[in-house]
**Q** 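Got a structure here, written out as structure tokens. Questions coming.
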Amino acid sequence: MIALEKAKGPLKGDIFVPGDKSISHRSIMFGALAEGTTEVTGFLQSADCLSTIDCFRKLGVEIEHSLRPTNGVPTITVHGRGLRNFKAPDSTLYTGNSGTTTRLMSGILAAQPFNSMITGDNSIEKRPMKRIMTPLSQMGAEVISVMGNDCAPLSFTGGKTLRGINYRSPVASAQVKSCVMLAGLYAEGDTVVYEPALSRNHTEIMLSAFGADIHNEVARDGSAAAILHPGMPLIGQKVNVPGDISSAAYFIAAALIVPGSELLIRNVGINNTRSGILAVLQQMGADITLLNVDETSEPKADILVKYSELHGADNNQFVIGGKVIPTMIDELPVVAVVAATAGFDTIIKDAAELRIKESNRIDTVVEGLTKMGCDVEATDDGMIIHGGKPLHGADINSHADHRLAMSFAVASLVADGTTRILDDECVGISYPSFFKDFQSLL
Ligand code: S3P
């Protein structure tokens, strides 16, 4: 448990946040699938990404951590085995708390010549896996949920020949899309995944840089398509991981709500499938400026954010919904905290996916904000936050959800009294040094 007090003054600073979690996972995975070596800098050393490294080591992939001899930059070197040279694992692959590891690895395991099993912690064993089992089965894979509840542990039968599919995913999910694309690398024929709105496209960008023939298109009915023609060899690359906008989000929110604050957050990934939080907060009147924008490969920029008086739309309401939701799905808890401090109502809708994240983030956010004195109600697909009531410290259950722990740390900055966050060590999932970095600004 960590005890946090209200900020005594403005937050000022020039900071970096750790590497992007989604891109870090993919750098290891695609490096492992490629021929030759992949060198990764800026890799996120957090529990989730280390789970991905562990799983690939169990498949016989050599992965080294070292310092670059020339400039001492920490580097991960992945010695790729190519698509078809993994070794059968001796035991069940364990993915910890990582949904990305579980779902993306499943696409790879489904296509191997050997049998395998994958599972993770208690949270992972409750998260829905039917969303990947359905398309993988349509491709000819044999995957079963061992407990028969459509959750992990999942067991894969080796030696299946996969065929490409046209798959209409009912949800905009990069984990589903990427799982199917990875299986598609092994399939006969093309694979196309349609999703109702474009989810993060790091897989498409990075696989293409490794040599795969893969791209995004807008389909005729307006849905987003990812299209893969398999058969191109994957070749190891140098990957430089930008800072994670999902981690930067806590500092953006903190600067916006603590009067007089000004923070510069350097080298943050601003891929437009991830940066919905910036657009939404700017529409609310947030003073956020992008500096040194670099559009090559994964776009990145320095983000300058200043304390701002936020405003709703004409009727003193602000609605967040529709296609922007997948581009800020992991930031919605901290956006709810910002909304709680603003003098208008915020309606978050079309975000039922929040219910099946590391915790049920509709219920857990509403629970925590209510405890702090906010007037907030849960809806089926989001929440309605009647902002502007003063917040007070409270004992907050993070439900071992890293994004909850960090979001309520931000809320503590404007809450009278002490805020205690239970299971605060869960921040190690995505941002191990979060509380050190956060408290260094106070
Ligand atoms: C991720 C995709 C998103 C996101 C998760 C990381 C990824 O999940 O919430 O934190 O790296 O592909 P969904 O695909 O379930 O939306």
Side-chain angles (χ1 to χ4, degrees), residues 18-30 43-44 46-49 51-52 55 95-108 120 123-124 126-135 151-152 167 169-182 193 195-207 216 224 226 239 241-242 244-250 269 271 273-277 298 323-335 350-362 365 381 401-404 406-407 426-427 429-431:
D20 186 277
K21 182 153 78 71
S22 293
I23 298 176
S24 294
H25 280 300
R26 286 159 173 80
S27 68
I28 301 299
M29 293 181 179
F30 305 166
F43 182 79
L44 172 65
S46 78
D48 265 12
C49 299
S51 292
T52 292
C55 288
T95 62
N97 192 247
S98 177
T100 304
T101 313
T102 310
R103 296 203 178 105
L104 272 62
M105 293 270 340
S106 292
I108 298 168
S123 155
I124 281 294
K126 291 197 200 93
R127 296 184 67 186
M129 293 297 153
K130 198 172 172 74
R131 52 181 53 203
I132 56 164
M133 293 167 66
T134 300
C151 296
Y167 184 65
S169 172
V171 285
S173 160
Q175 291 178 357
V176 171
K177 172 175 63 177
S178 304
C179 167
V180 177
M181 289 287 135
L182 288 169
V193 176
E195 44 182 359
L198 183 61
S199 64
R200 63 191 69 193
N201 63 355
H202 305 303
T203 293
E204 295 90 311
I205 292 175
M206 200 189 294
L207 267 185
N216 292 118
V239 179
V241 182
D244 196 328
I245 192 166
S246 300
S247 299
Y250 304 105
N271 177 322
T273 63
R274 293 287 300 283
S275 59
I277 183 174
E298 282 285 356
K323 290 195 173 184
V324 77
I325 292 290
T327 72
M328 58 185 299
I329 190 75
D330 293 340
E331 291 68 73
L332 287 169
V334 78
V335 168
D350 306 321
E353 282 288 300
L354 286 178
R355 293 200 177 275
I356 48 171
K357 294 292 178 187
E358 286 84 328
S359 71
N360 176 336
R361 288 184 180 155
I362 294 180
V365 168
D381 66 346
D401 180 339
H402 55 133
R403 305 228 175 269
L404 262 283
M406 294 187 274
S407 298
C426 65
V427 301
I429 298 294
S430 63
Y431 192 164

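In listed order, ligands and their atoms are each counted from 1. What's counted below: heavy atoms across the whole structure, side chains too, no hydrogens, waters or symmetry copies.
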**Q** Go through the side-chain N and O atoms of Asp48 and Ser46 and say whether any donor and acceptor fall under 3.5 Å apart.
**A**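 Judged by distance alone, the side chains do not pair up.
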**Q** Within ligand 1, which atoms have a heavy atom of Asp330 less than 4.0 Å away?
**A**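 In order of numbering, the contacting atoms are 4 (C), 5 (C), 9 (O), 10 (O).
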**Q** For atom 11 (O) of ligand 1, what's the nearest protein heavy atom and its distance?
**A**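 Going atom by atom, the protein heavy atom closest to atom 11 (O) of ligand 1 ends up being Ser22 OG, 2.7 Å.
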**Q** List the closest protein heavy-atom neighbour of atom 14 (O) of ligand 1: residue, atom name, distance to the nearest 0.1 Å.
**A**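 Going by distance alone, atom 14 (O) of ligand 1 is nearest to Ser173 OG, 2.6 Å.
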**Q** For ligand 1 and Leu104, I'd like to know whether there is a polar contact (N/O to N/O, distance under 3.5 Å).
**A**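 No - when backbone and side-chain N and O of Leu104 are compared with those of ligand 1, no distance drops under 3.5 Å.
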**Q** Would you mind finding which of Gln175, Arg127, Glu195, His402 brings a heavy atom closest to atom 1 (C) of ligand 1?
**A**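 It is Gln175 whose heavy atom sits nearest to atom 1 (C) of ligand 1.
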**Q** Could you pull out the closest heavy-atom pair between Ser359 and Asp401, with the gap in Å?
**A**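 Reported closest heavy-atom pair: OG-OD2, 2.8 Å.
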**Q** With sequence neighbours excluded, what pairs up with Gln175 under the side-chain hydrogen bond (donor to acceptor under 3.5 Å, both in side chains) test?
**A**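 So Gln175 forms a side-chain hydrogen bond (donor to acceptor under 3.5 Å, both in side chains) with Thr100, Arg103.
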**Q** Any sub-3.5 Å donor-acceptor pair from Glu298's side-chain atoms to Gly269's backbone N or O?
**A**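 Looks like no, no N/O pair under 3.5 Å.
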**Q** Would you say the side-chain atoms of Asp20 pair up with the backbone N or O of Ile23, donor to acceptor, closer than 3.5 Å?
**A**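 Between the backbone of Ile23 and the side chain of Asp20 there is a qualifying donor-acceptor contact (under 3.5 Å).
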**Q** Can you list the ligand 1 atoms lying under 4.0 Å from a non-hydrogen atom of Ala174?
**A**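 Near Ala174, meaning under 4.0 Å from one of its heavy atoms, ligand 1 has 12 (O), 14 (O).
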**Q** Flag Arg131 as yes when one of its N or O atoms lies below 3.5 Å from any N or O atom of ligand 1, and as no otherwise.
**A**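 By distance alone, the answer is no.
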**Q** Quick one about Lys177 and Ser199 (side-chain donor to acceptor, distance below 3.5 Å, no hydrogens or angles considered), yes or no?
**A**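 Their side chains do contain a donor-acceptor pair, which is all the 3.5 Å distance test asks for.
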**Q** Counting heavy atoms only, which of Arg200, Arg103, Lys357, His202 comes nearest to atom 13 (P) of ligand 1?
**A**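 That would be Lys357.
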**Q** For ligand 1, which atoms, with element, lie under 4.0 Å from some heavy atom of Ile329?
**A**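 Matching atoms, with element in brackets: 9 (O).
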**Q** Please check whether Arg26 reaches ligand 1 - meaning an N/O of the residue sits under 3.5 Å from an N/O of the ligand, judged on distance alone.
**A**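 In this structure, Arg26 places an N or O atom under 3.5 Å from an N or O of ligand 1.
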**Q** Classify the contact between His25 and ligand 1 as side chain, backbone, both or neither, using a heavy-atom distance cut-off of under 4.0 Å.
**A**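 Neither; no heavy atom under 4.0 Å.
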**Q** Test of understanding: given a 4.0 Å heavy-atom threshold, classify the contact between Lys177 and ligand 1 as side chain, backbone, both, or neither.
**A**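 Neither; nothing of Lys177 gets under 4.0 Å from ligand 1.
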**Q** Can you list the residues that meet the side-chain hydrogen bond (donor to acceptor under 3.5 Å, both in side chains) rule with Thr52, with sequence neighbours excluded?
**A**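 With sequence neighbours excluded, Thr52 shows a side-chain hydrogen bond (donor to acceptor under 3.5 Å, both in side chains) to His25, Thr101, given in chain and number order.
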**Q** What verdict does the side chain to side chain contact (heavy atoms under 4.5 Å, CB included) test give for Tyr431 and His402, after you've listed the backbone C-alpha separation in whole Å, the side-chain angles of each residue and the deciding distance to 0.1 Å?
**A** CA-CA 8 Å; Tyr431 192 164; His402 55 133; over 6 Å; no
**Q** Mind checking whether Glu353 has an N or O less than 3.5 Å away from an N or O of ligand 1?
**A**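 Between Glu353 and ligand 1 (N or O atoms, distance only) the closest approach is not under 3.5 Å.
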**Q** Could you tell me whether the side chains of Ser173 and Glu195 share a donor-acceptor contact shorter than 3.5 Å?
**A**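 No, because no side-chain N or O of Ser173 sits under 3.5 Å from a partner of the opposite role on Glu195.
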